[in-house]
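Model, not experiment: these values are computed from the prediction. Whatever order the structure lists ligands and atoms in, that order sets their numbers, starting from 1.
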Amino acid sequence: MAATYHQYEVVVVGGGGAGLMAALTLRGRDVAVLSKLYPVRSHTGTAQGGIGAALGNMEEDHWEWHMFDTVKGSDYLADQDAVEILAREAVETVLELEHWGLPFSRTPDGKIAQRPFGGHTREYGKAPVRRSCYAADRTGHMILQTLYQQCIRHQVKFFNEFLVLDLLIESGRVAGVVALSIADGSLHVFHAKAVLFATGGCGRIYQITSNAHALTGDGMAVAWRAGVPLEDMEFFQFHPTGIYRMGILITEGARGEGGKLINGRGERFMEKYAPTLLDLAPRDIISRSIYLELRQGHGIGGKGYVHLDLTHLSREVIEEKLPDITDFVRTYLGIDPVKEPIPVQPTAHYAMGGIPTDIWGRVVVDEKNRVLPGFYSAGEVACVSVHGANRLGTNSLVDILVFGRRAGRDLVRYVAENDFPPLPPRAEENAEQWVARLRAGRSGSAGRRTTVAELRDTLQREMMDKASVFRDEKLLAEMKEVVGELQQRYQEVTIQDRGRVFNTDLVEALELAFLLDCAQTVVAGALARQESRGAHSREDFPKRDDQNWLKHSLAYRTPSGQVELKYKSVSITRFQPQERKY
Ligand SMILES: Cc1cc2nc3c(=O)[nH]c(=O)nc-3n(C[C@H](O)[C@H](O)[C@H](O)COP(=O)(O)OP(=O)(O)OC[C@H]3O[C@@H](n4cnc5c(N)ncnc54)[C@H](O)[C@@H]3O)c2cc1C
C-alpha cells in the first residue's frame, strides 16, 4: 500500500502534557499533533500528587529554595541553568493553568492549596515546605483535560492513534516523520520544517511499574536509531510506594498528608535513614531504604513489602484529599485505607534520561551541545536536564509544561526563519520494510514461534532482577547479554493477527523493539558508571565520585547496533556539590 503524504510546518509527536502545551503555544499556526493514544488517555492524566511551584500560599517560599531542592535532589547532576528556569517559570505556569480554568483544590480563603512533597524544603533543607499545588489526587487529569479543551478551542489539528515509527533527516536537518495509522494499518509520511518529540517515558522496560502500557520509550528509540544520542539513561527512578505486586502508584501526596512507612517490626524505619525529612525524603533514598529493610527480613511478615499507614489520619482527609488512591486500594486490594495500612513496594516510575536538549527544547547531539536543526523534544522523553540523577515529586508536571512551552516559542521562530527541507527519497521505506517483516513473520530455527509476550516478559522480569534499585557489575553484565539475546530473537518474532484494522498485535511487536533499545542504553550506561549517584546505586561502587563522574552520559548507537558512550559536562551555576543529607 502506498503511503499517504502530508505537509505541516510543525509536527508534534505526543498528546500528553508536553505535546499539548507546545501545540497550544503554536496555536493558529500550521501544526499537527500525532498521538498513538487518544490525547486524554496520555499518562499525564494519571499524575496524582501535584505540580510544584513556590507560590507561597500556605507559608513563605521562594523559587531559589525550589531550585536548590531540585539541584540537591538531583544529586548535583542537573544542569543548573535549566533548573533555574524550571523553578522560576513554575509560578507563572501554575497561574496560567488557573486562568485556563483548572479546578485546583483551594484554601479556605480561596487560594490554590499546597501540600508537602518529598525533598521540597524551606530555607535550603531545614524542614518540609508546602509547595505542591494539587487538584485532590487527580492533578494530571485536570491538567490534561484543561490543555486538551484549550487545544480544541483553538482548533489544533490532531491525528489520533497514529504510531510514529521513523524520524526523517535530510541534508543535516529534520524533515518529518513516518507513522502507522492504527485504525487502518496505512502508512503516512509527514513532511515538516520541524518535529517535536513529546512521547513520554519507558517504564515498561520493568516488570513492576507505575507506568501505563503505552510507555514503551518510542520517541527515545526512534531518535536513537536516527543517530541522536540518549543522555543519562542509567538513571531510572523507583517510586517507593507502588501497590505490592501490581506497581500501581500510591501518590507521595499520601505521605504529604501525613502517611508513614512502617516495617514488619512496627518501626517507622525512615527515622534511621533520613532523620530530618523522614517519609518525605527524596524517592531514591526511600526506595533504597525499603530494599535494605526487606533484605534484613524486616518486610511485613518477612514478605517483600512494607506498610504505608494512613490510619491515624481522619476519614475526611483520606477521602477528600486522596479520593482516587482510596478507591484503587479498595478496588485492587479490598482494603479500606482508613482502617488498615497499605502493602507497598518500590515501583519503576520515571526516566530521568532521554533525548538531550537545550533550554529551548532544541535537541543537541554531542558533548558541545551542537543543535540538530529542526528537531525538538520536551517532557519525559527529553533530558534537558532538570532532574539529573533523581527527580523530585511534582517536578515532572512543571518540566513538561515549562519546557513544552519554551519549545513551542522557539518553534515559532524556527519555522519563520526556515523553508521546508527536502524529503529523503522513498521516505517510508524503513517503516514499510519493518512492518512487512513482522506481518510476514517466520518461525524460529527450531520451527518454534517466538511471541512478543514471551520476549517482553523476559525483558521486564530480568530488568527488575538485574538493573533496578541496586546494581552491580556482574548483574549488569548478565543483563547486557540478556538484552543482546532478546534482540536476536526479536528478528524471529511472529504476530498472529495479520489484519490491518486496529492490529494491536502489530503495535505491541513494534513497541517491543523500542523497549529493547531503551533497556540496552539503560544497562550500558549503568555498567559504565562506576559510582552511586541518585537513582543509580552500584553496590560495588557505593560512593558518589564527583572527581570522575560528575558528568552526563551520552549513549550513541554504532552501525552494528551496539552502544558507544561519550560524556558531557554539567552546568553548575549557584550550588556547588555537597554531601546529600536529609
Ligand atoms: C501514576 C503516575 C503518577 C504521576 N504523578 C505525578 C505527579 O503527581 N507530579 C508530577 O510532577 N509527575 C507525576 N508523574 C510523572 C508525570 O506524570 C509524567 O512524567 C508526565 O506526565 C509525562 O508527560 P509527557 O507529556 O512527557 O508524556 P505522556 O503524558 O506520557 O504522553 C506521551 C504521549 O506520546 C504519545 N506517543 C508515545 N509514543 C508515540 C508514538 N510512537 N507515536 C505517536 N505518539 C506517541 C502518546 O500517545 C501520548 O500522547 C506521574 C507518573 C505516573 C506514571
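Protein heavy atom nearest atom 48 (C) of ligand 1, with residue, atom name and distance: S42 OG, 3.3 Å. With hydrogens left out, the protein atom closest to atom 25 (O) of ligand 1 is A18 N, 2.9 Å, a heavy atom. Closest protein heavy atom to atom 1 (C) of ligand 1: T46 OG1, 3.4 Å. Shortest contact from atom 53 (C) of ligand 1 to any protein heavy atom: H43 NE2, 1.6 Å. Here the heavy atom of the protein found nearest to atom 27 (O) of ligand 1 is G200 CA, 3.4 Å. Among all non-hydrogen protein atoms, the one lying nearest atom 43 (C) of ligand 1 is F162 O, 3.1 Å. At the shortest separation from atom 28 (P) of ligand 1 among protein heavy atoms lies T44 OG1, 3.8 Å. Protein heavy atom closest to atom 14 (N) of ligand 1, with residue, atom name and distance, is R391 NH2, 3.8 Å.
At least one N or O atom of L397, backbone or side chain, sits closer than 3.5 Å to an N or O atom of ligand 1. For ligand 1, the polar-atom distance check against S210 finds no nitrogen or oxygen pair separated by under 3.5 Å.
Ionic pairing of E511 and R204 is not present here: no N-O contact between side-chain nitrogen and carboxylate oxygen is shorter than 4.0 angstrom. The pair D399-R391 does not count as a salt bridge, with every side-chain nitrogen at least 4.0 angstrom from each carboxylate oxygen.
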*After noting the C-alpha distance and the side-chain angles of H120 and T394, does the key distance pass the side-chain hydrogen bond (donor to acceptor under 3.5 Å, both in side chains) rule?*
CA-CA 9 Å; H120 290 279; T394 77; 3.2 Å; yes
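Residues W434 and F514 place their aromatic rings such that the two centres sit under 6.0 Å apart. Ring to ring, F197 and F375 are close: their centroids are under 6.0 angstrom apart. In this structure, the ring of H188 has its center no less than 6.0 angstrom from the ring center of F159.
Proximity annotation for atom 5 (N) of ligand 1: of A47, A348, G247, G404, A47 comes nearest, heavy atoms only. Selection from A198, S377, S35 by nearest heavy atom to atom 33 (C) of ligand 1 gives A198. For atom 9 (N) of ligand 1, the candidate residues are G50, A378, S396, G49; the nearest heavy-atom contact is made by G50. In the candidate list D137, V177, T199, T199 is nearest to atom 37 (C) of ligand 1, counting heavy atoms.
Residue H349 touches ligand 1 through its side chain alone, judged by heavy-atom distances below 4.0 Å. If you look at L215 next to ligand 1, the close heavy atoms, those under 4.0 Å, all belong to the side chain. Contact annotation for V13 and ligand 1: only side-chain heavy atoms (C-beta onward) come within less than 4.0 Å of the ligand. Looking at V164 against ligand 1, both its backbone and its side chain come within 4.0 Å, counting heavy atoms.
The aromatic rings of H6 and F190 lie parallel to each other, with less than 30° between the two planes, well short of the 60° mark.
Ligand 1 lies less than 4.0 angstrom from a heavy atom belonging to G17.
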